Amino acid sequence: MAKKKIGVLTSGGDAPGMNAAVRAVTRSAISKGFEVVGIRRGYNGLLHGDMIPLDVQAVSDIIQRGGTMIYTARCPEFKEWENVVKAKDICIEQGMAGIVVIGGDGSFRGAADLSKAGIPCVGLPGTIDNDIQCSEYTIGYDTAMNTVVDMIDKLRDTSHSHERCAVVEVMGRNAGHIAVNTGLACGATAVLVPEVEYDIDKVIARIREVRAAGKMQFIVVVAEGIGGTDEIAKRIQAETGIESRATVLGHVQRGGAPTVRDRVVASEMGYYAVELLEKGIGNRVVGLKDGKVYDVDIQEALSMKKPFNERLYRICNEINF
Ligand code: ADP
Ligand code: F6P
């Protein structure tokens with residue numbers, strides 16, 4: 001009798017550590033007696049039968065690589081129920097016992113639909129934004145933050161030489177987790193995040209105040225969800241006379257070799273997802289709670305709210321100037 005298969009796909013924006021998760025899913029599924037297929041380009045691969053067999057060797061030499069070897073994409077058609085049913089038929093035809101979906105909230109909605117159609121799916125949180133409600137941590141977050149810190153440290157060098165203000169926009173979609181952590185880590189004079197109302201006049205007053213105390217270079221971190229980085233830089237320059245430059249870090253934040261933390265979390269979560277599928281359990285998201293890997297119903301996961309770390313924000317304002 002043919003072996004049962006487990007599929008793995010990456011969906012939505014890529015994140016460093018996705019490869020480590022694909023590897024962990026593949027290796028643990030093989031050791032439990034499954035065959036593994038990599039479904040390419042997210043749900044597109046499922047709908048169009050674009051899949052590759054993954055054996056032990058196929059996932060060797062990828063744990064240290066950023067990006068995702070099975071590609072990622074958005075697949076708007078998957079929001080239509082008839083396409084979910086089509087995907088279910090393809091899965092049955094292939095002998096698929098379950099699928100591990102690595103991505104964000106949108107990807108989990110697709111996983112919930114496919115689970116409802118009869119194919120057990122388990123979601124793994126993969127995004128640099130750390131904006132998945134049910135998990136304290138998402139694969140890719142640590143690597144992205146280290147990249148941001150590295151970039152801002154470099155901007156600090158040149159800002160120092162020119163006695164300028166660097167206004168830096170970091171990713172995060174609607175969340176300010178990357179901004180507040182990197183802002184604290186880089187000694188930013190101000191951090192602007194969507195979760196906390198800000199007053200640009202107060203930011204400017206603070207820059208003036210710290211300049212009067214002798215500071216000659218400044219960093220302002222702006223979360224993507226705030227935007228308008230160019231205008232903020234122009235306003236700071238106009239009102240303080242300090243030369244200011246805006247930098248939007250952009251997609252560089254999504255690349256690079258995953259950190260130890262991302263490799264370890266991805267490996268642990270990937271292993272856990274296969275344990276669930278082995279038991280025939282689907283419609284779950286794997287997350288991190290109180291530092292431990294756990295699983296939760298997808299609908300419940302999607303309805304949770306993630307707190308913003310306001311304490312970090314306050315510490316930033318108190319000790320960074
Ligand atoms: P993320 O998973 O990072 O939140 P998206 O929101 O772009 O990224 O979603 C990724 C993919 O998940 C979409 O292109 C689509 O294939 C699938 N998806 C998103 N929302 C839904 C939905 N409501 N129902 C079914 N599938 C969805
Ligand atoms: O979710 C990850 C992320 O990089 C967000 O921070 C950003 O808003 C978005 O994806 C960018 O998406 P794209 O790669 O489609 O430009």
Side-chain angles (χ1 to χ4, degrees), residues 12-13 15 104-106 125-153 155-156 159 165-210 215 217-237 239-240 242 244-254 261 288 304-321:
D105 279 355
T127 164
I128 63 162
D129 303 333
N130 201 30
D131 61 349
I132 307 253
Q133 298 86 328
C134 68
S135 185
E136 283 160 7
Y137 188 80
T138 59
I139 298 163
Y141 181 47
D142 188 55
T143 307
M145 288 198 297
N146 278 291
T147 301
V148 169
V149 166
D150 187 38
M151 297 293 153
I152 297 182
D153 285 350
L155 286 171
R156 179 190 275 264
S159 299
C165 174
V167 182
V168 191
E169 183 176 312
V170 302
M171 277 186 169
R173 208 177 289 259
N174 302 313
H177 307 298
I178 294 179
V180 72
N181 281 274
T182 58
L184 179 57
C186 292
T189 302
V191 178
L192 312 184
V193 292
E195 292 87 346
V196 185
E197 224 180 292
Y198 77 98
D199 177 348
I200 190 68
D201 294 324
K202 284 197 181 144
V203 171
I204 288 167
R206 185 166 170 80
I207 292 174
R208 283 209 186 96
E209 188 190 327
V210 292
K215 194 172 174 84
Q217 57 81 27
F218 309 85
I219 292 159
V220 174
V221 173
V222 180
E224 170 186 16
I226 295 280
T229 308
D230 230 5
E231 288 69 43
I232 293 171
K234 283 189 182 122
R235 179 111 182 248
I236 292 172
Q237 178 161 317
E239 295 197 24
T240 63
I242 300 165
S244 301
R245 293 286 186 272
T247 305
V248 177
L249 290 184
H251 288 82
V252 68
Q253 294 163 95
R254 290 235 297 259
R261 177 144 206 226
L288 213 64
M304 289 176 171
K305 257 201 108 49
K306 187 167 203 162
F308 177 72
N309 194 337
E310 289 191 11
R311 187 175 158 78
L312 272 196
Y313 185 82
R314 279 203 308 277
I315 295 175
C316 212
N317 281 331
E318 274 187 41
I319 71 170
N320 283 359
F321 39 80

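Note that the structure is a prediction, hence the values are computed from the model and not measured. Quick note: numbers below take in every heavy atom, side chains included, and nothing from hydrogens, waters or symmetry partners.
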Is there a donor-acceptor pair closer than 3.5 Å between any side-chain N or O of Thr189 and the backbone N or O of Ile207? no
Distance from Thr127 atom OG1 to Met171 atom CE, nearest 0.5 Å? 9.5 Å
Please find the pair of heavy atoms, one from Ile178 and one from Asp129, that lie closest to each other, and give the distance. CD1-CA, 4.2 Å
Examine distances only and state if a side-chain atom of Ser244 and a backbone atom of Ile242 form a donor-acceptor pair shorter than 3.5 Å. yes
In short, Ala223 meets Val193 closest at the heavy-atom pair CB-CA, 4.1 Å
Do the side chains of Ile200 and Tyr198 get nearer than 4.5 Å, heavy atoms only? yes
State the CD1-NZ distance between Ile204 and Lys202, to the nearest 0.5 angstrom. 13.0 Å
What is the minimum heavy-atom distance between Ala15 and Ile139, and which atoms define it? CB-O, 3.4 Å
Are any side-chain N or O atoms of Glu169 and backbone N or O atoms of Glu224, one a donor and one an acceptor, separated by less than 3.5 Å? no
dist Ile219:CD1 -> Ile152:CD1 (nearest 0.5 Å) comes out at 6.5 Å
Verify, without hydrogens or angle tests, whether Asp150 (side chain) and Asn146 (backbone) share a donor-acceptor contact under 3.5 angstrom. no
Atom pair CD1/OG1 of Ile128 and Thr143 - distance to nearest 0.5 Å: 10.0 Å
State whether the side chain of Arg206 and the backbone N or O of Asn317 hold a donor-acceptor pair below 3.5 Å, judged by distance alone. yes
Determine, stepwise, if the pair Val248 / Val222 fulfils side chain to side chain contact (heavy atoms under 4.5 Å, CB included). CA-CA 9 Å; Val248 177; Val222 180; over 6 Å; no
Could you tell me whether Arg235 and Glu239 make a salt bridge, using a distance below 4.0 angstrom between a side-chain N and a carboxylate O? yes
Closest approach of Lys215 to Phe321 (non-hydrogen atoms, all atoms of both residues): NZ-O, 3.1 Å
Check: Ser135 side chain, Leu288 main-chain N or O, donor-acceptor pair, under 3.5 Å: yes
Show the nearest heavy-atom pair for residues Leu192 and Ile226, with the distance to one decimal. O-CG1, 3.7 Å
Using a 3.5 Å distance criterion without hydrogens, assess whether the side chain of Glu195 forms a donor-acceptor pair with backbone atoms of Gly176. yes
Under 4.5 Å between any side-chain heavy atoms of Phe218 and Thr240, yes or no? no
Closest heavy-atom pair, Gln253 versus Leu249, reported as atoms and distance to 0.1 Å, is NE2-CB, 3.6 Å
So, does Arg245 use its side chain to make a donor-acceptor pair with the main chain of Ser159 at under 3.5 Å? no
Quick check against the 3.5 Å criterion: does Asn320 have a side-chain atom that pairs as donor or acceptor with the backbone of Gly183? yes
Which of these, Asp230, Thr229, Ile236, sits in a side chain to side chain contact (heavy atoms under 4.5 Å, CB included) with Ile232? Ile236
Rounded to the nearest 0.5 Å, how far does CE of Met151 lie from SG of Cys186? 11.5 Å
Could you tell me whether a side-chain N or O of Lys306 sits under 3.5 Å from a main-chain N or O of Ile132, the two making a donor and an acceptor? yes
